[in-house]
Amino acid sequence: MKKLINDPRAVVDESVEGFGIAHADLVTVHPQPLFITRKDAPVQGKVGLVSGGGSGHEPLHAGFVGRGMLDAAVPGAVFTSPTPDQIIPATAAVDGGAGVLHIVKNYTGDVLNFETAAEMAEADGVSVRSVLVNDDVAVEDSLYTAGRRGVGGTVLVERIAGAAAERGDGLDGVTAVAQRVVDNVRSMGVALAACTVPHAGVPSFDLAEDEIEIGVGIHGEPGRHRIAMEDADGITQRLLDPIVADLSLTSGDRTIVMVNGMGGTPASELYIVFRKVAQLLEGLGVGIERSLVGNYITALEMQGASLTVLRADDEMLELWDTPVHTAALRWGA
Amino acid sequence: MKKLINDPRAVVDESVEGFGIAHADLVTVHPQPLFITRKDAPVQGKVGLVSGGGSGHEPLHAGFVGRGMLDAAVPGAVFTSPTPDQIIPATAAVDGGAGVLHIVKNYTGDVLNFETAAEMAEADGVSVRSVLVNDDVAVEDSLYTAGRRGVGGTVLVERIAGAAAERGDGLDGVTAVAQRVVDNVRSMGVALAACTVPHAGVPSFDLAEDEIEIGVGIHGEPGRHRIAMEDADGITQRLLDPIVADLSLTSGDRTIVMVNGMGGTPASELYIVFRKVAQLLEGLGVGIERSLVGNYITALEMQGASLTVLRADDEMLELWDTPVHTAALRWGA
Amino acid sequence: MSVEGTAGDAGAATTLDTAWAVRWMRDTAQVVSENRALLIDLDRAIGDADHGENLDRGFGAVLSKLDDGTPETPAAVLKLVAMTLMSTVGGAAGPLYGTAFLRAATSLGDATAVEPSGVAGMIAAARDGIVARGKAEVGDKTMVDAWTPAAEAAQTAALAGATAPEVLAAAANAAHAGAVATEPLIARKGRASYLGERSAGHQDPGAVSTALILQAAAEAAGGEVA
Amino acid sequence: MSVEGTAGDAGAATTLDTAWAVRWMRDTAQVVSENRALLIDLDRAIGDADHGENLDRGFGAVLSKLDDGTPETPAAVLKLVAMTLMSTVGGAAGPLYGTAFLRAATSLGDATAVEPSGVAGMIAAARDGIVARGKAEVGDKTMVDAWTPAAEAAQTAALAGATAPEVLAAAANAAHAGAVATEPLIARKGRASYLGERSAGHQDPGAVSTALILQAAAEAAGGEVA
Ligand SMILES: Nc1ncnc2c1ncn2[C@@H]1O[C@H](COP(=O)(O)OP(=O)(O)O)[C@@H](O)[C@H]1O
Ligand SMILES: Nc1ncnc2c1ncn2[C@@H]1O[C@H](COP(=O)(O)OP(=O)(O)O)[C@@H](O)[C@H]1O
Ligand SMILES: [Mg+2]
Ligand SMILES: [Mg+2]
Ligand SMILES: [Mg+2]
Ligand SMILES: [Mg+2]
């Protein structure tokens, strides 16, 4: 394993420190316990948005802190959800009096830690709501599992809920919009090669030269099916089909589409995937109103991609287009 | 080799097609011969900026087409400079009557193809100037080589010259600003693991588990020194030292710094490198006025990073801050 | 790895006092550190390769806390451990073990020495806390599959008149057997559940770490490793 | 790979007419395609692994052009090749070979058959075009190291009264020797120059492709591969 790191145990602290220096105009880094807030937090009268999770998915979440998106990001250790003692002060720090929304990806660890933190923040007098992002259609039998995972859809929830908060919506309103995005967003991922967690030092799974992992998660956990390598168009079809089925997308539907790189896949390959998605959706009469193609929610240097599709309504599109100014997503500002 | 591609020979066409669909609001893709222009090209009265080079370095160059940056990008085959028959119509397409500047990375192939194209475009009545970006300090004896390569500095030249053109500077003025950036920008790269060119199917070079390639180029060509793996701080020092020496940076100098990922390196590692750069420059009394950390000029999925430092003056900083709206770099718009 | 009852020999006389609780936690820190790579590997197979790192970080922090000063009662030790794990481990294991140690502490009250029935009550409380937080049932291939047989064995031993160290040894042995028995199971909770049938054939990392923790408890009480 | 002169046998009677020029280019396309991987590997060692792909794409395009119709003179064939390479190869090799074939075409004028001195003049013109564009000298470890001995050998053979096919064979042999001789050199031009001393120990891909192209020329004229 070769990585541009110093001590494997210092990876998160050092990279967040660097992030803070590079984006000092946008964010404040609070060390020990570690969390990141937007520079002007708390914004008085605005609902505060907090998200967090294991590190290793950059730019998620710190890269999405700023105007029109998150007020705070709480990074855990690599692939390990953060602890309540980080989430509680982050929540307090961004409460501008209108309450705080926790955007939580549906993993046992994230759920339990955010749950505890929300309870304690409430006890400290902060109104806290939570939405659980669970967009990963790779998890089929949610009855017999921890439920669908939260993956790429998180980025869209953070953006659209962030826009609603910036617009001045109250805690119930922001929560409702966030939940509507959750209800209408689905994702599916593929890995061509595993990543290596710094503290583990060996790849998270072993794939043969002709195998790929369909339905891979973003924690380097193996996916559900392992199949022989296929071409990009074939793989794209495998990612899109279960999403279309799960959302019951039909002609006339409008969407926001994200083709996301897992960290080790060239942009050119992501655009090849996007091209096929566009062709397939066009064939279904489904419109792509907005799109993101790039590395937004990664799994360290994993080679692979994920596809996220949101069935968008007028309000979501309107919120999408409002100014956003974060390290990793920026327009209109 | 596993890649999210279909036919290796269709990689460039298909990915540019996908790019065109994703960014239809920003660019127009012209197929056969392939080039990309900003949507509103030619902008009357504005100097047109054209750059190009081998593909595989995305987002360079197509990702930088748009307001405040390039008017056209001309992508060659993977790691192969484009041909005059692409460059000539691209040049003509963005000539708004004020002439066209070619921003050329200093490689024999790029130089020869752009030279021929410039000659023929001039013959067709377009005023063409060229600047040669040659910022790679890894190439030491430029007397005995094809000269220093153009690498990360290209991004900064395109941005600042693009801002000058958008401001309304004439061809001589834009050329002069671009040349001033070239004269003051230096870069150096490192590879931890090689990339695989789609048509070659095997890694461009072989590195042992404990070796890294210092001074690697962006075409997957081996670098100058191969050394034993070191930690991020040590590697960063190796990248920065020759840049500081070459630019004779001294206390009070102001800089724009880019820590660039080669395609397969997680953002967290780039921020760890940036952190060390910031510490080292601070120690020298050199200020980082602006920075970019991310994948801007890649070598497919190579694992590694490059460091670019521009000694910036007031005008460069002012131009830097003006609005830019491209697929990969956007602010103020 | 199974732990034998040691009634009759020197170990049996050990009182489960505050010093025992501290020993337990120091031993746990050591055994977790020694098994860090094993726990990472188990989690790598059916999870995300961090369980060993998470616990090592957490119990490393517990060690520092214990170096800062010793709490007054066994319950106070366990409460300190609970708070430390909660704030340093993260992931699923952090809140689950945090809750387990918190409930265990609460069950002990302000006793300065833990009786056999207290041991059984403590393990049952820990198990109940984990179930309350994580909603897993026996057979879901989680740490519950180690804690549940441990709680039952402790209860049985205590009712049969075993000494406190013997109760701990029975619990540790049962936890170990429970962990081993997770191997063929298909996970229905936690990250391993995403793997579906592919989760079979590997022991659950949290069940294995549970067995290690209870083994340390028994050994700190003078139990011997079989 | 060296090509023997074939004076006296059937091949020697071959006239270097338009049909020969077309055969040369079709044979080149084939030999480049067959050696695509070899040229990629050579370029992988000291460059960027595209030389074989670039030439294969270029001469593949030449084939299509020739399928569309045959130009009238040898010069017209070479000019078509020049324009096609220029617009499809890219990289360093595209403009260099494009210029080489353009200059070669110009040197032939409107002759319908190329005489021995014409062959020598054609190869010299190609070489001079490459030097004019690329500014490389002999010993810089580039294709110039194959073209220069080829031009010299052709000149010598023509002056000595060899037939046109013999002149081509002499050029091809010299180019081959020149390519082999690039192996120990340290590159001073092109991408390999960045490697400094590490460029030694590998043949230059452009010099090797030059030898292949001239070999095809000789074979199309009836020369035999040694
Ligand atoms: N719902 C649950 N109930 C009980 N134990 C659980 C549950 N979910 C996960 N676990 C336990 O947690 C262990 C994983 O812990 P760890 O790897 O530290 O966290 P994460 O899964 O968040 O990476 C599993 O091996 C399992 O024993
Ligand atoms: N300045 C030059 N003069 C002559 N030949 C050159 C020069 N630079 C490069 N070459 C030739 O070009 C070959 C490389 O071609 P190719 O790989 O297709 O282009 P690129 O180097 O742009 O990837 C080298 O092997 C060398 O023979
Ligand atoms: Mg985890
Ligand atoms: Mg090339
Ligand atoms: Mg885990
Ligand atoms: Mg090459």
Side-chain angles (χ1 to χ4, degrees), chain A residues 1-7 11-12 14-19 21-22 55-56 58-59 63 190 192-193 195 207 209-210 212 229 231-233 235-236 259 263-276 278 288 291 293-295 298 300-301 303-305 325 327-328 330-333, chain B residues 1-7 11-12 14-19 21-22 55-56 58-59 63 190 192-193 195 207 209-210 212 229 231-233 235-236 259 263-276 278 288 291 293-295 298 300-301 303-305 325 327-328 330-333:
Chain A
M1 175 201 59
K2 279 180 285 186
K3 288 178 177 286
L4 274 171
I5 61 175
N6 298 302
D7 180 356
V11 163
V12 175
E14 291 184 356
S15 83
V16 172
E17 187 187 336
F19 179 85
I21 301 170
S55 291
E58 291 70 28
V190 60
L192 275 58
C195 56
L207 278 175
E209 184 49 44
D210 59 347
I212 58 176
M229 180 63 192
D231 66 14
D233 285 355
I235 292 169
T236 302
V259 172
T265 289
S268 50
E269 299 182 20
L270 302 179
Y271 281 112
I272 289 175
V273 171
F274 181 79
R275 168 183 171 273
K276 184 65 179 176
I288 301 181
S291 62
V293 182
N295 291 348
T298 60
L300 294 169
E301 71 287 346
Q303 266 179 280
H325 185 176
R330 181 170 181 181
W331 56 72
Chain B
M1 175 199 60
K2 280 180 285 185
K3 288 178 176 288
L4 275 171
I5 62 174
N6 298 301
D7 179 355
V11 163
V12 175
E14 291 184 358
S15 82
V16 171
E17 187 186 336
F19 179 86
I21 302 170
S55 290
E58 291 72 26
V190 60
L192 275 59
C195 56
L207 278 175
E209 184 49 44
D210 59 349
I212 58 176
M229 181 63 191
D231 66 14
D233 285 355
I235 292 169
T236 303
V259 173
T265 290
S268 50
E269 298 182 21
L270 301 180
Y271 281 112
I272 289 175
V273 170
F274 181 79
R275 168 183 171 274
K276 185 65 180 176
I288 301 180
S291 62
V293 182
N295 290 348
T298 60
L300 295 168
E301 71 287 346
Q303 266 179 279
H325 185 176
R330 182 172 180 180
W331 55 73

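Chain A is the first sequence line, chain B the second, and so forth, proteins listed ahead of strands; every chain is numbered from 1.
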Peer 1: Side chain, backbone, both or neither: which part of B/Phe19 has a non-hydrogen atom closer than 4.5 Å to chain A?
Peer 2: both

Peer 1: Can you tell me how far the CD atom of B/Glu17 sits from the CZ atom of A/Phe274, to the nearest 0.5 Å?
Peer 2: 11.0 Å

Peer 1: Starting at OG1 of B/Thr265, measure out to CD of A/Glu301 and round the result to the nearest 0.5 Å.
Peer 2: 8.0 Å

Peer 1: When rounded to the nearest 0.5 angstrom, what is the spacing between NZ in B/Lys276 and CG in B/Asp231?
Peer 2: 8.5 Å

Peer 1: Quick one: what part of B/Ile235 sits under 4.5 Å from any heavy atom of chain A, side chain, backbone, both or neither?
Peer 2: side chain

Peer 1: How long is the span from the CG atom in A/Leu192 to the NZ atom in B/Lys3, to the nearest 0.5 Å?
Peer 2: 9.5 Å

Peer 1: Tell me which of these, A/Arg330, A/Glu58, A/Arg275, has more heavy-atom pairs under 4.5 Å with chain B than the rest.
Peer 2: A/Arg275

Peer 1: Please classify the contact of B/Val293 with chain A as side chain, backbone, both or neither, using a heavy-atom distance under 4.5 Å.
Peer 2: side chain

Peer 1: Between the main-chain N or O of B/Met229 and the side-chain N or O of B/Asp210, is there a donor-acceptor pair closer than 3.5 Å?
Peer 2: no

Peer 1: Let me see the working for A/Leu4 and B/Gln303 under side chain to side chain contact (heavy atoms under 4.5 Å, CB included), right down to the final yes or no.
Peer 2: CA-CA 9 Å; A/Leu4 274 171; B/Gln303 266 179 279; over 6 Å; no

Peer 1: Look at A/Ala22, A/Gly332, A/Gly264 and state which one has the largest set of heavy-atom pairs under 4.5 Å with chain B.
Peer 2: A/Ala22

Peer 1: Does any heavy atom of chain A fall under 4.5 Å from the side chain of B/Ala333, the backbone, both, or neither of them?
Peer 2: backbone

Peer 1: How long is the gap from CD1 on A/Ile212 to NZ on B/Lys2, to the nearest 0.5 Å?
Peer 2: 8.0 Å

Peer 1: Would you mind telling me which of B/Val259, B/Ile272, B/Leu270 has the largest number of heavy-atom pairs within less than 4.5 Å of chain A?
Peer 2: B/Ile272

Peer 1: Side chain, backbone, both or neither: which part of B/Asn295 has a non-hydrogen atom closer than 4.5 Å to chain A?
Peer 2: side chain

Peer 1: Below 4.5 Å, heavy-atom pairs only: which of B/Ala328, B/Ser291, B/Ala267, B/Ser268 has the largest tally toward chain A?
Peer 2: B/Ser268

